[in-house]
Structures are given as structure tokens and as C-alpha cells.
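All chains are named by letter (A, B, ...) in the order of the sequence lines, taking the proteins before the strands, and each is independently numbered beginning at 1. None of the values given here were measured: they were computed from a predicted structure.
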Amino acid sequence: MSMRTSRTARAGQYAALLGYLVFLAFPFLWLISTAFKPARELGSLHPTWIPDHPTLDNFRKAFDEQPLLQAAANSLSAAVCAALIAVVVATPMAYVMARRRSRLSTAATGWVVISQAFPLVLLIIPLFLILKNLHLINTRWGLIMVYAVWALPFALWMLVGYVRAVPAELEEAASVDGAGRLRTLVSVTAPLLTPGIVATALFAFITAWNELFFALVLLKTPEKQTLPVVLTHFIGAEGAADLGPLAAAAFLATLPSLVIFAIIQRRITGGMLAGAVKS
Amino acid sequence: MTLASATVRSGKHDPPAGPQDERPRPVDRKGAGTWFLVLPALIPILILSVGPLLYGIALAFTDAQSGRTRSTQWVGGLNFQDLLHDTLFWDSFRIGLVWAFGVTVPQFVLALGLALLLNQNLRMRWLARALAIIPWAMPEVVVGIMWRLVYNPDAGVLNETIRDLGLGDGRDWLTGLATALPAVIVVGVWAGMPQTAVALLAGLQNTPHELHEAAALDGAGAWRRFRTVTWPVLRPVALAITALNFIWNFNSFALVYVLTNGGPGGRTRLPMLFAYEEAFHYGQFGYAAAMGCVMVAVISVILAVHLAGRLRGGEDR
């Protein structure tokens with residue numbers, strides 16, 4: 001900033017920023033600290049930030065207590081399939097919505113907005129009945145279908161923003177040069193759009209990886225359940241008895257999202273905002 | 001311009017968001033092939049989203065229950081009549097509104113502060129940006145578990161800090177009748193604040209820098225510059241974000257499900273938790289669907305009022 005800022009104002013800004021950093025970081029640091037504490041220290045009435053005798057016992061116990069690997073595999077397959085389906089299906093429609101102003105694209109935009117306002121319970125009860133009639137309750141494919149369709153609104157939202165960022169002039173120039181419609185799309189538009197498509201897919205992946213509500217309703221048997229559902233099993237009816245394994249499992253479940261999110265975070269903001277401001 | 005791009009860390013990779021973009025120009029004026037491109041998304045949307053939503057609304061007018069042999073009957077407005085007298089539902093509705101306001105407002109204020117700070121040329125900016133990712137990327141289940149560890153009466157960091165400061169023995173935050181709702185609201189604010197901040201930051205970076213400098217040269221103080229230059233640009237973004245946050249918060253489930261599961265004594269039972277129990281513990285599909293309908297209706301009214309502000313502010317796009 002070029003405005004002259006007085007020294008006290010600067011100091012105030014740093015103090016405020018520090019406050020934010022503490023507020024944002026402390027629960028996460030506490031989670032990590034708890035995950036590495038031996039049982040004896042967890043029972044102590046005076047817990048410390050840094051474990052006196054850090055241990056990996058909690059991680060071992062977490063895997064013993066609940067089928068974490070199976071759950072992670074379930075989450076992974078559901079999230080990958082849902083993200084791929086959502087993006088493959090949404091990209092062409094997003095292209096049309098971004099490039100052509102028609103009643104259809106207005107309706108689609110309206111639906112994207114409205115679908116955000118509906119409480120999921122209004123969607124899950126009929127879906128539950130439909131999937132039950134199709135014998136898809138407690139199956140991977142039932143969950144994948146629900147996740148893919150659920151991911152569609154924001155996939156469209158983000159992708160429309162990315163398509164608009166590709167100058168239409170480039171496509172016009174290509175068609176003037178004699179390239180066919182399909183060729184223009186494949187050789188001009190697609191390469192420019194790829195980073196946005198990847199970001200959208202990764203965002204859909206994280207959302208599905210983190211999702212609890214649908215999975216809780218649709219998956220009954222433990223060997224089918226996803227990671228978020230299995231994590232809730234660590235919390236007994238009377239609250240968590242075993243804090244260490246709970247913290248360890250929760251910490252592990254977060255890592256994939258954190259890594260992916262760190263990579264795509266800036267793209268997501270840009271994409272969502274482009275959609276929000278322009279439509 | 002160099003100054004502006006110094007603050008826009010991400011500028012060149014992002015799609016150029018913002019009102020300065022031109023209207024999209026139609027490439028294909030004849031529209032050939034459009035339907036072919038739209039169908040793959042349109043069909044699943046209609047079958048698995050629009051259809052079920054309408055079906056869900058229809059269910060609200062039936063006595064549908066899970067696992068019943070007798071066929072489902074239309075009961076007209078009976079579910080809604082019952083809801084009207086269901087004090088537990090209205091308790092939960094009131095809790096939902098308190099929660100949604102209680103989270104959305106501080107979330108926005110804190111997020112605006114953070115966004116303004118991150119827009120300054122401060123040294124810890126990258127760190128704050130990186131940290132802001134954590135609550136955003138975390139599964140809500142993990143956020144809930146994490147804060148249970150923080151709030152834990154014996155082994156939690158909050159009570160330990162209170163004990164260290166000599167402020168007493170601390171308490172059992174999540175199971176206390178008076179503290180449970182405020183405690184989950186704090187978690188809600190924590191979980192959603194960074195996302196709002198990053199979105200507001202993106203909005204801030206659309207603020208014309210020259211205007212800011214001109215205002216500063218004219219002797220406008222920080223508050224005046226914010227009010228006359230920054231806020232008018234930010235206002236549409238702020239309205240959209242607060243509206244979305246309010247809806248998401250009102251309809252949220254996982255966070256509170258993990259933190260308190262609606263307890264103690266229903267003090268944190270959000271409408272979604274109530275409807276979930278009604279539908280999937282007691283099998284009352286029709287009744288739960290009616291709850292969903294009431295939630296949509298009330299939220300729509302609140303939003304209409306909120307967004308009317310957008311129309312009143314005449315100079316907005």
C-alpha cells in the first residue's frame with residue numbers, strides 16, 4: 001500500500017494479524033498435540049502443549065479400533081468417481097451457459113442458486129426412497145450418484161467462470177481461420193480451460209471426501225462406510241472415551257484435503273467469485 | 001499498478017473475476033449442438049435433483065413412513081398443522097435462527113477484518129493466508145472432533161488455560177445448558193470465517209487502486225476511504241456472501257452433530273438435526289419433509305428481505 005501508515009497503526013495491524021493467527025491455528029495445533037500424547041498424559045489434569053513423551057501409539061490404536069484403511073478406500077473411490085463424473089458432465093453444459101445467453105442457461109443459473117438454499121433433508125428423503133427401490137442403498141454406486149449430482153451446481157458455477165475467462169475472440173479467430181467447431185473447442189478452448197477443470201474436479205473431490213450427511217443416511221454396514229462416518233464411531237454415545245486415537249484418526253483424515261486445498265485454494269476463490277459476480 | 005499487483009498475489013493465474021469483464025459474446029449463433037452438450041448434465045440434474053426436490057415437497061403432504069407395508073396416503077396439510085403445534089420443532093427452529101445469526105454476523109465482521117489486513121502489505125500475510133486454508137479444507141467432522149478436544153473438561157486446552165490464568169476450574173462447555181449453544185457458535189465462526197475472508201479479499205482486490213490514492217491525497221482518513229471507495233465495490237460481494245453463509249449455517253448438520261448431537265437437552269438441536277432424527281430414527285418421512293418445507297419457506301423470506309438491500313442501493317450493478 002502506498003498510503004503512509006503511521007507506526008502505531010502498523011503495530012496495531014500486526015497485533016490484529018497475530019490475533020487471527022492464534023485463533024486460526026490453536027485448535028489445529030491442539031489436535032496434533034493430542035494425537036501424539038501417550039495415554040498417561042491425556043489423563044493428566046494439567047495437559048501440556050508439547051507432549052513430554054510423544055508417541056505413535058494413538059495412530060496404531062486408531063487403526064485397531066476402527067476400519068480406517070477400508071473407510072479411507074471407500075471415501076477415496078466415492079470421491080474420485082463423483083468428481084470425475086461431475087466434471088465430465090458439467091463442463092459441456094458450463095460451456096453453453098457461459099457462451100450463449102438462452103432461457104436454458106438462465107434457468108440453470110437459477111437452479112444453481114436455488115439448490116443452495118434447500119435443506120438437504122428435503123433431498124435425501126426422496127433420494128433414499130428412490131435408491132431403495134433401485135436397491136442402491138448401502139452401495140458405493142448409490143453414494144457416487146448422489147455425490148456427483150450434489151457436486152454439479154458448484155461445478156457448473158466454477159466452470160462457467162473459467163469458460164468466461166477464455167476470450168471468445170480466440171475462438172472466433174480460430175473459426176475465421178477455418179477450424180471447425182469441434183476443432184476450435186479441442187485445440188483452442190480445452191487447453192486454456194484445463195487448469196480450471198482440474199481445480200473444479202479437486203474441489204468436488206474434497207467436498208465428497210469430507211461429506212457426512214448423505215453417507216450417514218445411505219451407508220449402513222461398517223465395511224461400506226466412508227471416513228467421516230467411521231470417525232463419528234470414535235465418539236461414543238457418552239462422548240469420546242479415548243481421546244488419543246480420536247485425535248490421531250481425525251488428523252490423518254484431514255491430510256489429503258489440506259494438501260489438495262493448499263494447491264488449488266486460489267483457483268477456487270477466483271472461480272467461485274467469477275461465477276458469483278457475473279451471473 | 002506495480003503496487004496493486006504486489007498485493008494481488010494470485011492475480012495472473014486466476015480467471016479475471018469481476019465486473020470489468022465484457023459480456024460473453026456468442027460464438028455459435030446458430031446454436032447447433034447445444035442440446036447435445038447440455039443433456040449429459042441436464043438429465044441427471046432433472047432425475048436426481050430437481051425431481052427429488054419436487055418429490056420431497058410432495059412427501060410433505062403425505063403420511064409416508066419408512067418400512068411400512070400399508071401404502072402412503074395423501075393427508076393434505078395435516079403434517080403442517082401438526083408442526084404448528086410441535087413446540088419441540090419451533091424450539092429447534094429458534095435455535096437454528098440464533099445459531100445462523102450468531103455465526104453469520106461475527107463470521108462476516110471477523111472475515112472483513114482479516115481480509116482488510118491480508119490486503120495490506122504485512123509480513124505475516126502469507127502465513128495467515130496459509131492458515132486460513134485449514135478450517136476451510138477440514139472435514140466438518142474433524143472440525144467437530146478437534147473442538148471437542150479443545151473443550152474437553154479435563155484434557156482440553158481451554159480449561160487448562162483458564163486454570164493457568166487462575167480464573168477458576170473451567171467447565172464442561174459442550175454439556176452445560178447455558179454454554180453449549182455459545183460454544184458451538186464459536187466453532188461455527190471459526191470454521192467458516194476464513195472462507196468468507198478469502199472471498200472478501202478477492203473482492204477487495206477489485207477495488208480501483210487509483211481511487212484509493214486519490215481519496216488519500218484529498219485527505220480522506222482510513223474510515224472514509226473504506227466507506228467511500230472500498231465498501232461500494234465490496235458491497236455486492238458482501239451481500240452475496242452473507243446471504244449464502246446464512247443459508248448454509250441455518251441448514252448445517254455435521255458440525256453440531258459431532259460436537260453435541262443436539263444436546264444437552266436439545267439446546268443445540270438445529271432444525272436439520274431434528275429433521276434427520278425424525279426421518280431416519282423414527283421413520284417419519286412425511287413429517288420430516290414438511291419440516292424441510294417450512295425451513296425453505298422461512299429462509300426464503302429472510303433472504304428476500306436481505307437481498308432487497310441490493311435493490312435499494314441504487315448505484316450497484
Result block: side-chain N/O donor-acceptor pairs under 3.5 angstrom for residues 18-27 of chain A, not counting sequence neighbours:
unit_1: Tyr20(A); atom_1: OH; unit_2: Leu110(B); atom_2: O; d: 2.6
unit_1: Tyr20(A); atom_1: OH; unit_2: Leu114(B); atom_2: N; d: 3.2

What donor-acceptor contacts under 3.5 angstrom involve side-chain atoms of residues 250-261 of chain A, with partners at least two apart or in another chain?
unit_1: Thr254(A); atom_1: OG1; unit_2: Ala250(A); atom_2: O; d: 2.8
unit_1: Ser257(A); atom_1: OG; unit_2: Asn210(A); atom_2: OD1; d: 3.2

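At least one side-chain heavy atom of Val258(B) sits under 4.5 Å from a side-chain heavy atom of Thr232(A). Inter-residue side-chain proximity for Leu216(A) and Val141(B) is flagged as unmet; no heavy-atom pair is nearer than 4.5 Å. The shortest side-chain heavy-atom distance between Val121(A) and Tyr276(B) does not fall under the 4.5 Å cut-off. Between Leu120(A) and Phe253(B), every side-chain heavy-atom pair lies at or beyond the 4.5 Å cut-off.
Using a 4.5 Å cut-off between heavy atoms, Ala279(B) touches chain A through its side chain atoms alone. When heavy atoms are compared at a cutoff of 4.5 Å, Phe280(B) approaches chain A solely by way of its side chain, counted from C-beta outward. Contact annotation for Met291(B): neither backbone nor side-chain heavy atoms come within less than 4.5 Å of a heavy atom of chain A. For chain A, the nearby parts of Met138(B) are the backbone and the side chain; heavy atoms of each come within less than 4.5 Å. When heavy atoms are compared at a cutoff of 4.5 Å, Tyr257(B) approaches chain A solely by way of its side chain, counted from C-beta outward. In this structure, chain A has a heavy atom under 4.5 Å from the side chain of Trp147(B), while its backbone stays farther away. Interface residue Pro44(B): backbone and side-chain heavy atoms are both found under 4.5 Å from chain A. For chain A, the nearby parts of Leu42(B) are the backbone and the side chain; heavy atoms of each come within less than 4.5 Å. Within the 4.5 angstrom heavy-atom criterion, only side-chain atoms of Leu59(B), from C-beta onward, approach chain A. For Leu127(B), the parts lying under 4.5 angstrom from a heavy atom of chain A are both the backbone and the side chain. Neither the backbone nor the side chain of Pro271(B) comes within contact range of chain A; no heavy atoms are under 4.5 Å apart. For chain B, the nearby part of Trp49(A) is the side chain; its heavy atoms alone come within less than 4.5 Å. Within the 4.5 angstrom heavy-atom criterion, no atom of Lys37(A) approaches chain B.
What you find for Pro119(A) and Val296(B) is that their closest heavy atoms are CD-CG2, 3.2 Å. The two residues Trp30(A) and Leu149(B) come nearest to each other via the heavy atoms NE1-O, 3.3 Å. Of all heavy-atom pairs spanning Ala288(B) and Ile125(A), the tightest one is CB-CD1, 3.7 Å. Nearest heavy-atom pair across Pro47(A) and Gly156(B) is CG-O, 3.9 Å. In this structure, Ile130(A) and Pro52(B) approach most closely via the heavy-atom pair CD1-CG, 4.1 Å. Nearest heavy atom pair, residue Leu17(A) against residue Met124(B), reads CD2-CB, 3.6 Å.
In this structure, Asp154(B) CG and Leu243(A) CG are separated by 9.0 Å, a value rounded to the nearest 0.5 Å. For the atom pair Trp111(A) CH2 and Ile45(B) CD1, the distance stands at 4.0 Å (nearest 0.5 Å). We find the CG-NE2 distance between Asn159(B) and His46(A) to be 11.0 Å, quoted to the nearest 0.5 Å. Taken to the nearest 0.5 Å, the OH atom of Tyr147(A) stands 14.5 Å off from the CG atom of Leu48(B). Between Arg10(A) atom CZ and Arg123(B) atom CZ the span is 9.0 Å, to the nearest 0.5 Å. Rounding to the nearest 0.5 Å places CG of Leu122(A) at 10.0 Å from CE of Met272(B).
Ranked by non-hydrogen atom pairs under 4.5 Å with chain A, the options Val187(B), Val142(B), Leu122(B), Ile134(B) are led by Leu122(B). Taking Leu42(A), Thr34(A), Leu129(A) one by one and counting their heavy-atom pairs under 4.5 Å with chain B, the maximum is reached by Leu129(A). Across Val157(B), Leu174(B), Leu39(B), the residue that shares the most heavy-atom pairs under 4.5 angstrom with chain A is Val157(B).
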